[in-house]
Colleague: 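Take a look at the following structure, please.
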There are 2 protein chains.
Amino acid sequence: MNKVFKALSDPTRRRVLQLLRRRPMVAGELAEHFEVSKPTMSAHFAVLRGAGLVETERNGKTIIYRLKMSVLEDALLGFTQAFGLEIQSKEASIVSGDRHRKESGS
Amino acid sequence: MNKVFKALSDPTRRRVLQLLRRRPMVAGELAEHFEVSKPTMSAHFAVLRGAGLVETERNGKTIIYRLKMSVLEDALLGFTQAFGLEIQSKEASIVSGDRHRKESGS
DNA sequence: ACAACAATTAGACGATTAGCTAAATTACGA
DNA sequence: TCGTAATTTAGCTAATCGTCTAATTGTTGT
C-alpha cells in the first residue's frame with residue numbers, strides 16, 4: 001500500500017490514472033496529454049505499474065495501459081477506514097475493461 | 001491539493017495522522033511512537049503542518065498537535081470523486097473545523 | 001532484410017527527501 | 001537568574017526523484 005501512496009504523490013501520475021479511468025489507452029496517446037518527454041512518461045508508467053495501479057497489454061507496436069480500479073479502491077479503503085471514513089463506488093461501472101479482479105499486488 | 005498527497009506519501013506521517021485521530025497529542029508523546037530521532041519527527045510534523053493537515057497550539061513547554069480532519073477529507077474527497085468513488089464519514093460530523101471530540105469509547 | 005515507428009532502458013544531472021548530531025530557542029520552576 | 005526540559009533549527013549526508021537526451025528493443029510493412 002505504501003507504493004500506491006508513493007505513486008499517488010505525483011500530480012502527473014494522478015492525472016494519468018484519471019485519464020485511464022475513461023478507457024484504456026496506448027502509452028503514446030497517454031503521453032500526448034503531458035508536456036514532458038516520452039521517456040519521462042515511461043518512468044511514470046513504471047511507477048504506476050510497480051504499485052499495481054495499472055496493467056499493460058502489448059498490441060503490436062503499441063502498449064495498452066489499463067487502470068486497475070480495484071487496487072486503487074483497496075488502498076484508499078484501507079487508509080480511509082482508519083479514519084472512520086467510508087468509501088464506496090457510486091457507479092456500477094468500475095468496469096471499463098477491468099473486472100474488479102482480486103489480484104495480489106505489492 | 002498536492003501538498004496533502006505529498007504528505008501522505010510517507011508511512012511515518014500517515015501513522016502520525018492516525019495517532020492524532022484518537023486525540024490531540026504533544027510532540028514528544030507523538031515522537032515516542034516512532035524509532036527515529038526527535039528532529040526527524042519534527043521535520044515530519046512540519047510537512048504535515050505545511051499541508052494543513054495538522055494544527056499546533058503551544059501549551060507551556062509543550063506543543064500540542066491536532067488533526068484537521070476536514071482538510072484530509074477534502075483532499076480525499078476531491079480525488080476520489082474524480083474516480084466515481086464516494087467518501088463519507090461514518091461518524092456524525094464532517095464539519096469544517098471539526099475538533100474531533102472523543103465519542104463513546106476507545 | 002530493412003526502414004520506420006512505438007516504447008523502454010541507460011546514463012547523467014539538479015532538486016528534493018529522510019535521516020542524523022549538535023546547537024539554538026522557548027518556557028517553567030527553584 | 002540559572003538550570004532543565006521540550007521542541008525546533010542548522011548543517012550535513014546518502015538516497016531517491018523527476019527530468020532530459022541518446023541508445024536499445026520489439027514490431028510491422030514493404
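We name chains A, B, ... by the order of the sequence lines, and we start the count at 1 in each one.
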Colleague: Give a yes or no answer on whether the side chain of A:R49 reaches the backbone of A:A51 with a donor-acceptor pair at less than 3.5 Å.
Modeller: no

Colleague: Please list, chain by chain and in numerical order, all residues satisfying salt bridge (charged side-chain N to carboxylate O under 4.0 Å, His left out) with A:E57, sequence neighbours excluded.
Modeller: A:R66

Colleague: Round to the nearest Å and state the distance from B:E57 atom CD to D:dA6 atom P.
Modeller: 18 Å

Colleague: Take atom CG of A:N2 and atom P of C:dA18, then tell me their distance rounded to the nearest Å.
Modeller: 11 Å

Colleague: Can you list every ring pair (Phe, Tyr, Trp, His ring centres under 6.0 Å) pair that touches residues 13-51 of chain A, not counting sequence neighbours?
Modeller: A:F45-A:Y65

Colleague: Where along nucleotides 8-19 of chain D does protein come under 4.0 Å, by heavy atom, of base (B) or sugar-phosphate alone (S), with - for untouched nucleotides?
Modeller: BB--------SB

Colleague: Check salt bridge (charged side-chain N to carboxylate O under 4.0 Å, His left out) between A:E29 and all other residues, then give those that pass, not counting sequence neighbours.
Modeller: A:R23

Colleague: For B:R14 and C:dA18, give me the distance from atom CZ to atom P, rounded to whole Å.
Modeller: 11 Å

Colleague: Please, which pairs that meet ring pair (Phe, Tyr, Trp, His ring centres under 6.0 Å) have at least one residue in residues 1-28 of chain B, sequence neighbours excluded?
Modeller: B:F5-B:F79

Colleague: Would you kindly give the CZ-to-P distance between A:F5 and C:dA18, to the nearest whole Å?
Modeller: 15 Å

Colleague: With sequence neighbours left out, write down each residue that passes side chain to side chain donor-acceptor pair (under 3.5 Å) with B:S37, or none if nothing qualifies.
Modeller: B:T40

Colleague: So which pairs with a foot in residues 6-15 of chain A pass salt bridge (charged side-chain N to carboxylate O under 4.0 Å, His left out), sequence neighbours left out?
Modeller: none

Colleague: Quick one: list whatever passes side chain to side chain donor-acceptor pair (under 3.5 Å) with A:S42, sequence neighbours left out.
Modeller: none

Colleague: Dump the pairs, protein N or O against N or O of nucleotides 24-29 of chain D, anything under 3.5 Å, distances to one decimal.
Modeller:
none

